[in-house]
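Here, residue 1 is the first one in the sequence, and each next residue gets the next number. When reading the values below, keep in mind they use all heavy atoms of this one structure, side chains included, and skip hydrogens, waters and symmetry mates. We count ligands from 1, going down the list as the structure has it; atoms in each ligand are counted the same way.
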Amino acid sequence: MNYRGPFRVRASEKPDPVILHPEDAIIKVTRSCICGSDLHLYHGLVPDTRVGMTFGHEFMGTVVDIGSDVHKLKVGDTVLVPFNIACGKCAFCKQELYGNCHESNSQATAVGGIFGYSHTAGGYDGGQAEYVRVPYADVGPTVIPEGMDPDDALLLTDVVPTGYQAAEMGGIKPGDTVVVFGAGPVGIMAAKCAWLFGAARVIVIDHLEYRLEFVRNYANCEAYNFESLEDPVLFLKKTTDWFGADVCIDAVGGDAAGNAMQTLTGRKLLLQAGSATALHWAINSVKKGGIVSIVGVYGPTDNLIPIGNVVNKGITIRANQASVKRLLPRLIDHIMAGRLDPKAIITHRFPLEEIAEAYHMFSAKLDNCIKPVLVMSAK
Ligand SMILES: NC(=O)c1ccc[n+]([C@@H]2O[C@H](COP(=O)([O-])OP(=O)(O)OC[C@H]3O[C@@H](n4cnc5c(N)ncnc54)[C@H](O)[C@@H]3O)[C@@H](O)[C@H]2O)c1
Ligand SMILES: [Zn+2]
Ligand SMILES: [Zn+2]
């Protein structure tokens, strides 16, 4: 795929990637998802998203070439590739903070490299393509376990670990009430995983009825439409005996709806780095001393968030990019044991040639779309 500017992507020919470094591998992509994070790029909200870039950070495929210093992979292996590009050797990778690698993104010291995610995330071309260059190939790519459904493997590149880490960062204790803002793939998975940590009550907030309906069934939780609530914060306080939730998870990020002023300043005028509506709701509806866990993506500059309330309520806020590689062993275990069924969130499949239609459908939330997958032709 080829980015042509906001709301414009198309399929076009680009030169095949080649090995540029001894630790590189070239992967022939078999499946690749479109993610809610890609929508921030598609909507033109991420700085330094250059025309000609290929998006795509959720992909799997077959190893077709390796550099001379790749030892754990061989040509012919079928692998899933975490969205984080991590060197495996720096001080942060050594702490398993693979989303914060210090080496893979020369543009920033905060976030590591990410496939297909603008030059602010290293400028790497992504996997919504027939072939992709994967740096540090001994670190990220993971051979798909025998017997695992390829759709499940595909969702282990981002959505499952991100939802799981959102729940993990929430420090959920047995008996806790957990509120998840956002019923996209990430929020759906966070709600599902909250139970694995012992939550007693899981509440999801969104405004798309079809997603609320899906998450109610898939994650066996309560789900409410914020448009039919006069004030979501008041509602959440009331339903928790005026304590507030133990844990609030922001699985929305800067594209949040629900507050006209935030939408205007954050999404239309771009005066702040996204709309902070879900974050406001999370901070204001968590109990005193509670934990706010953020996986929704915001721009790096200042946001108009209720920081005074963070202080006065003594809230712990935890946030990060998911460290996919750290979580893979336990998530593979959950999937193989049947406790997690990620593939159930996939609603649409498109050939790569129909990328423009796929982005439009996912962005405009048409046809009850939850998670679209691009399936490459087997040539
Ligand atoms: N930290 C990470 O590692 C990581 C990884 C993947 C995705 N993300 C981010 O997580 C977020 C969710 O991803 P996704 O793929 O599920 O996206 P998505 O766009 O499919 O879902 C977002 C959902 O939030 C809902 N929403 C909008 N405003 C809301 C509000 N005020 N309150 C509650 N819900 C609201 C939307 O209707 C939508 O259903 C995005 O910001 C994405 O960039 C982060
Ligand atoms: Zn993603
Ligand atoms: Zn590193």
Side-chain angles (χ1 to χ4, degrees), residues 32-43 45-46 55-59 82-105 111-117 126 136 139-140 155 157-166 169 179-190 204-212 214-215 223-227 229 232 249-259 262-263 267 274-282 293-298 319-324 327 345 362-363 365 369-372:
S32 182
C33 296
I34 302 176
C35 173
S37 298
D38 292 325
L39 295 182
H40 311 311
L41 299 166
Y42 181 65
H43 297 160
L45 294 178
V46 181
F55 300 166
H57 56 268
E58 305 184 3
F59 59 92
F83 76 88
N84 330 101
I85 302 176
C87 78
K89 299 187 193 92
C90 72
F92 301 96
C93 285
K94 279 195 184 133
Q95 295 172 65
E96 296 187 301
L97 291 166
Y98 297 106
N100 312 102
C101 175
H102 208 56
E103 294 297 325
S104 59
N105 180 7
V111 71
I114 300 175
F115 289 100
Y117 215 75
Y136 310 111
V139 181
L155 292 168
T157 60
D158 181 346
V159 167
V160 185
T162 302
Y164 185 90
Q165 187 168 316
M169 290 193 298
V179 176
V180 179
F181 294 92
V186 171
I188 291 168
M189 214 50 75
V204 175
I205 305 286
D206 201 301
H207 64 151
L208 299 176
E209 275 302 331
Y210 76 92
R211 291 187 170 200
L212 292 167
F214 181 90
V215 77
Y224 301 99
N225 188 330
F226 64 75
E227 279 169 3
L229 303 170
I249 294 173
D250 172 357
V252 181
D255 273 320
N259 178 297
Q262 287 287 339
T263 302
R267 289 170 53 192
S275 148
T277 304
L279 200 45
H280 270 255
W281 292 350
S293 161
I294 308 170
V295 287
V297 165
Y298 294 90
N320 209 343
Q321 299 286 340
S323 280
V324 177
L327 296 168
I345 70 168
F362 185 50
S363 170
K365 313 288 192 260
C369 185
I370 293 178
K371 190 73 178 169

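When only interatomic distances are considered, the shortest N/O to N/O separation between Ala322 and ligand 1 falls below 3.5 Å. Checked against a 3.5 angstrom limit, the closest N/O atoms of Ser37 and ligand 1 fall inside it. Residue-to-ligand polar distances place Val252 within reach of ligand 1: an N/O pair is separated by less than 3.5 Å. Where the criterion is an N or O separation shorter than 3.5 Å, residue side chain and backbone included, Asp255 fails it with respect to ligand 1. The distance criterion of under 3.5 Å between nitrogen or oxygen atoms is met by Asn320 with respect to ligand 1.
Closest to atom 4 (C) of ligand 1, if we only count protein heavy atoms, is Thr162 CG2, 3.4 Å. If you check which protein heavy atom lies closest to atom 29 (C) of ligand 1, you get Phe226 CE2, 3.6 Å. Counting protein heavy atoms only, atom 23 (C) of ligand 1 is closest to Asp206 OD2, 3.5 Å. Of all protein heavy atoms, the one lying nearest to atom 12 (C) of ligand 1 is Ala251 O, 3.2 Å. For atom 17 (O) of ligand 1, the nearest non-hydrogen atom of the protein is Gly36 CA, 3.4 Å. Among protein heavy atoms, the minimum distance from atom 20 (O) of ligand 1 is reached at Arg211 NH1, 2.9 Å.
Interface atoms of ligand 1 facing Trp281, defined by a heavy-atom separation under 4.0 Å, are 30 (C), 31 (N), 32 (N). Close contacts of ligand 1 with Thr277, meaning ligand atoms under 4.0 Å from a residue heavy atom, involve 31 (N). Each of the following atoms of ligand 1 lies closer than 4.0 Å to a heavy atom of Ile205: 33 (C), 34 (N). Every atom of ligand 1 with a heavy atom of Ala256 under 4.0 Å away is listed here by number and element: 28 (N). Taking every non-hydrogen atom of Asp158 and a distance limit under 4.0 Å, the qualifying atoms of ligand 1 come out as 5 (C), 6 (C). Near Lys365, the atoms of ligand 1 lying under 4.0 angstrom from a non-hydrogen atom of the residue are 19 (O). Within ligand 1, counting atoms from 1 as listed, the ones closer than 4.0 Å to a heavy atom of Val295 are 1 (N), 2 (C), 4 (C), 8 (N), 9 (C), 10 (O), 44 (C). Those atoms of ligand 1 with a heavy atom of His207 less than 4.0 angstrom away are 37 (O).
Not one N, O or S atom of Cys33 sits under 2.8 Å from the Zn ion (ligand 2). Among the atoms of His102, no N, O or S atom is found under 2.8 Å from the Zn ion (ligand 3).
Here atom 28 (N) of ligand 1 lies nearest to Ala257 when heavy atoms of Ala257, Ser275, Gly258 are compared. For atom 2 (C) of ligand 1, the candidate residues are Lys371, Glu58, Gln321; the nearest heavy-atom contact is made by Gln321.
Judged by distance alone, with hydrogens and angles left aside, the side-chain atoms of Asn225 form a donor-acceptor pair with the main-chain N or O of Glu227 at under 3.5 Å. Looking at Lys371, its side chain does come within 3.5 Å of a backbone N or O of Ile34 through a donor-acceptor pair. Between the side chain of Arg211 and the backbone N or O of Cys369, at least one donor-acceptor pair lies under 3.5 Å. Proximity of a side-chain donor or acceptor of Gln95 to a complementary backbone N or O of Ala91 within less than 3.5 Å is detected. Between the side chain of Thr263 and the backbone N or O of Ala257 there is no donor-acceptor pair closer than 3.5 Å. Remark: the backbone N or O of Gly254 is not paired with any side-chain donor or acceptor of Ser275 at under 3.5 angstrom. Judged by distance alone, with hydrogens and angles left aside, the side-chain atoms of Thr157 form no donor-acceptor pair with the main-chain N or O of Glu58 at under 3.5 Å. Side-chain atoms of Asn259 do not come within 3.5 Å of backbone N or O of Thr277 as any donor-acceptor pair. Side chain of Asp206 to backbone of Phe226: no donor-acceptor contact under 3.5 angstrom is found.
Rounding to 10 degrees, one finds that the Zn ion (ligand 3) sits at the corner of an angle of 120° between Cys93 SG and Cys87 SG. Rounded to 10°, the angle formed at the Zn ion (ligand 3) by SG of Cys90 and SG of Cys101 is 120°. With the Zn ion (ligand 2) as vertex, His57 NE2 and Cys35 SG subtend 110°, rounded to 10°.
At a 4.0 Å heavy-atom cut-off, ligand 1 does not touch Gln165 at all. With a heavy-atom cut-off of 4.0 Å, Val186 touches ligand 1 through backbone and side chain alike.
For NE2 of His102, the number of neighbouring non-hydrogen atoms (other residues, nucleotides, ligands) closer than 6.0 Å is 12 at most.
Ring centroid separation for the pair Phe55 and Tyr42 does not come in under the 6.0 Å cut-off.
A donor-acceptor contact closer than 3.5 angstrom is absent between the side chains of Asn100 and Gln321. Judged by distance alone, the side chains of Tyr298 and Asp250 do bring a donor and an acceptor atom under 3.5 Å apart. When only modelled atom types and interatomic distance are considered, His57 and Asp158 share a side-chain donor-acceptor pair under 3.5 Å.
The N, O or S atom of Asp158 lying closest to the Zn ion (ligand 2) is OD2. Nearest to the Zn ion (ligand 2), among the N, O or S atoms that Glu58 has, is OE2.
Cation-pi contact between Lys365 and Phe362: present, with separation from the ring centre below 6.0 Å and deviation from the ring axis of at most 45°.
You'll find the side chain of Phe181 reaches within 4.5 Å of the side chain of Ile205, heavy atoms only.
In this structure, the separation between SG on Cys35 and OH on Tyr117 is 7.5 Å, given to the nearest 0.5 Å.
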